[in-house]
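Below you'll find the structure, written out as structure tokens, and then a few comments.
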Amino acid sequence: MKYRHIIIAALAGCCAAVANAQTQSAQSSAWGDALLGIVHNNSTLKAARSQLQASRLANGTTLKLPDPEAEVTYLFGSPQGVPNRTNVSVTQTLDWGVLTGRRKQLAGAGNQVAEAAYRQAEQQLLAEADQTLTSVVYYNKLCTELAQRAALANEVCQLYQQKFAQGDINQIEVNKVKLNASVSQAELERARNERQELLLQLQRLNGGQPLELADTCYPNANQPLPALADLQSAVAQSPALLAAQAAVAQQQAEVKLAKAEALPALMVGFQGEYIKENNYSGLSLGFSLPLWGNTRRKVKQAKAEVVARQLDADDVRHQQSSQLMQQYATARHLLDASDKLQSDLSTTSNTTLLRRALDEGQISLLDYLLEMSFYYTARTTLLDTERQAQQAISTLRGLLY
């Protein structure tokens, strides 16, 4: 999918190490494969594709002249002896919109609007799927983290049960570690349940087919954000803006068609009158008289619609530019915050020292649990900050799909 490659190129730099690049490439591939599957299987998008085809066919139904009209009249003569008469009339209305090519231009503009509407629906689907995949990766990381905490809590619990059996500690301390293990397991189960809800959401987006993503790393997470100017250039070609511009072009084609239809409509044809031994036939020519100003009002209304559609396009451009700048600043700020917190945690972690001190009896169980609780809070804050940063980046990707 060309859009996926554009997004990865826009949101990933080229300064990662070779090993990192290989890892990130695998992650991006899994991410892109998931998006490809969703685009292919999503029932809403299937309906949008069918509607696109129907719109194209509908836009082509006005490209030909209207069908000619034929009339045959047989009149009986009266009084007796007057010969009967047969009248024959064939007329063709000349549509200036067809003859000047204005209807063809309008049909082409209508096709562009329909295609832009489909691309916009596809973009919205991909943006939603990207946000959901981002949340799945977060819960993958969180479940891995909580599983490690639960395993450590169970290990300490078993250790203290052994100490209690040996008479080294009392029931109060055993209850503490049991409660700590129970809370750790409950947090893990809750995270797993929330992850399962997200997978069901992915299944809905994937047309009811199960979709699994086991990654614990965000795509291109170790690579810097591109320059804001590059993203602004990419957003200028976003489906939402292209759809708004296509609506302007369609309305401009409506103005040209209205002007063509403001010309007097011509009707040409053949007429014949056939009476016994006296036949009359020849060509006919007719035209409409635009006396009441209806066609002028149509032109004026079409011009007003152009102004309205242009204002809509300007609003879409402004909204997307503002959203881009806001999300970019948010992503930049949160990425810096998570990087700093990650660095601080990696250099100040006391988990190994705390476990050793607990095993050697240098600190009490309560002190150990309090210190680990503080560390876990910091780890959870790091995961939440990373998620918020990646959701902001996901919103940026959503603007570019």
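Keep in mind that what you see is a predicted model, and the values were worked out from it rather than measured. Every heavy atom of this structure was used, including side-chain atoms; hydrogens, water molecules and symmetry mates were not. Residue numbers run from 1 in the order of the sequence given.
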Note, Pro219 side chain near Arg397 side chain (heavy atom, < 4.5 Å): yes

Distance, nearest 0.5 Å, that separates CG of Leu152 from SG of Cys157: 11.5 Å

Taking every non-hydrogen atom, the tightest pair across Leu205 and Ala129: CD1-CA, 3.8 Å

For the student: nearest non-hydrogen atoms of Leu202 and Ile38, plus distance: CD2-CD1, 4.2 Å

Flag side-chain contact, heavy atom, 4.5 Å: Glu71 against Thr73: yes

Pro210 to Gln203 - nearest heavy-atom pair and separation: N-CG, 3.9 Å

Charged N-O contact under 4.0 Å between Lys141 and Glu145: no

Short side-chain donor-acceptor distance under 3.5 Å, Tyr218 and Gln390: no

N/O donor-acceptor pair under 3.5 Å between Ser322 side chain and Gln319 backbone: no

Side chain to side chain, Leu211 and Leu199, heavy atoms closer than 4.5 Å: no

Check: Trp31 and Thr134 side chains under 4.5 Å, non-hydrogen atoms: yes

Residue pair Asn87 / Tyr74, side-chain donor-acceptor N/O under 3.5 Å: no

Side-chain (Asn170) to main-chain (Glu173) donor-acceptor, under 3.5 angstrom: yes

Distance-only polar pair, side chains of Arg149 and Tyr376, donor-acceptor under 3.5 Å: no

side-chain contact (heavy atoms from CB on, under 4.5 Å) assessment of Gln391 paired with Gln131: CA-CA 6 Å; Gln391 285 177 335; Gln131 284 281 335; 3.8 Å; yes

Between Asn140 and Thr216, a side-chain donor and acceptor under 3.5 Å: no

Steps toward side-chain hydrogen bond (donor to acceptor under 3.5 Å, both in side chains) verdict (Ser55, Gln51): CA-CA 6 Å; Ser55 297; Gln51 181 59 50; 3.3 Å; yes

More than 12 heavy atoms of other groups within 6.0 Å of Arg190 CZ: no

Taking every non-hydrogen atom, the tightest pair across Ala107 and Leu63: CB-CD2, 3.7 Å

Note: Lys340-Asp336 ion pair, threshold 4.0 Å (strictly below): no

Glu115/Arg119 ion pair, N-O < 4.0 Å: no

Glu128 and Arg204 ion-paired at < 4.0 Å: yes

Derivation and outcome, side-chain contact (heavy atoms from CB on, under 4.5 Å), residues Leu241 and Gln245: CA-CA 6 Å; Leu241 186 54; Gln245 293 171 344; 3.8 Å; yes

Arg192 with Glu189: basic N within carboxylate O range, under 4.0 Å: yes

With Glu261, the salt bridge (Lys or Arg N to Asp or Glu O under 4.0 Å) member among Arg296, Arg103, Lys298: Arg103

Check: Ser281/Gln271 side-chain N/O donor and acceptor closer than 3.5 Å: no

